[in-house]
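Worksheet: one structure, shown below.
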Amino acid sequence: MLLRGVALLAGCYIIGQIIGESLGHYLGINNNVGGVGFAMLLLIISQNELEKRNLFHVEMGEGVMFWSKMYIPVIVAMSSIQNVRVAFNNGILALLAGILPVAICLLFMPILSKSTND
């Protein structure tokens with residue numbers, strides 16, 4: 001069962017990479033566009049479907065969790081480094097597109113934390 005969880009994760013990753021590469025090619029970009037994100041969506045959808053059909057066992061979850069604890073953060077970190085490198089090469093607009101949303105979110109954090117009922 002552990003291997004089935006790892007196989008599910010690997011299958012979702014491969015399909016996500018294919019979708020990301022295809023989308024990048026379609027958009028005229030020679031890079032993967034959202035492959036890891038598509039893989040995560042596929043994993044969530046497939047896991048939910050398997051749970052609805054009582055086919056997702058605890059051992060399969062352990063296989064998925066094993067790699068999600070090790071591999072997925074590494075891939076996301078590698079993707080973020082690549083995006084920063086591209087942003088520096090493409091100018092200030094790309095940097096602002098990344099920095100401004102983060103700054104706005106940080107500004108709204110105190111307001112959101114005050115609005116909770118904790």
Side-chain angles (χ1 to χ4, degrees):
M1 287 296 179
L2 183 76
L3 289 177
R4 289 183 186 170
V6 173
L8 175 67
L9 182 67
C12 290
Y13 178 75
I14 290 170
I15 293 169
Q17 291 300 310
I18 291 170
I19 293 171
E21 290 289 334
S22 299
L23 183 60
H25 180 71
Y26 177 74
L27 295 173
I29 303 170
N30 292 331
N31 276 331
N32 188 321
V33 179
V36 174
F38 287 121
M40 290 295 96
L41 286 173
L42 287 171
L43 181 62
I44 291 167
I45 291 168
S46 61
Q47 182 176 347
N48 285 337
E49 285 298 316
L50 288 172
E51 285 175 352
K52 285 180 188 176
R53 298 176 186 173
N54 291 326
L55 296 174
F56 192 82
H57 303 287
V58 175
E59 293 86 7
M60 284 179 73
E62 290 174 5
V64 171
M65 290 305 294
F66 171 75
W67 280 107
S68 69
K69 289 178 184 174
M70 291 180 58
Y71 191 66
I72 301 303
V74 171
I75 296 298
V76 171
M78 287 171 46
S79 297
S80 68
I81 290 169
Q82 181 182 17
N83 291 340
V84 169
R85 191 175 305 133
V86 170
F88 275 121
N89 290 337
N90 289 332
I92 191 74
L93 184 61
L95 287 172
L96 289 176
I99 293 171
L100 286 178
V102 173
I104 291 169
C105 288
L106 289 174
L107 290 173
F108 278 106
M109 289 298 286
I111 296 167
L112 292 174
S113 65
K114 288 179 184 177
S115 68
T116 60
N117 294 330
D118 290 340

ILVMFWY cluster, [X] and [Y] together (side-chain gap under 4.5 Å):
X: Ile18; Y: Ile44; result: no
X: Tyr26; Y: Ile29; result: yes
X: Ile111; Y: Ile104; result: yes
X: Val33; Y: Ile15; result: yes
X: Leu55; Y: Leu8; result: yes

Please report the shortest heavy-atom distance between [X] and [Y], naming the atom on each side.
X: Cys12; Y: Ser46; answer: SG-OG, 3.7 Å
X: Gly20; Y: Phe38; answer: N-CD1, 4.2 Å
X: Leu9; Y: Met40; answer: CD1-CE, 4.5 Å

Inset, instruction - To the nearest 0.5 angstrom, please state how far the CG atom of Asn30 sits from the NE2 atom of His25. - result: 8.5 Å
Legend entry - CD on Gln17 to CD1 on Ile14, rounded to 0.5 Å: 9.0 Å
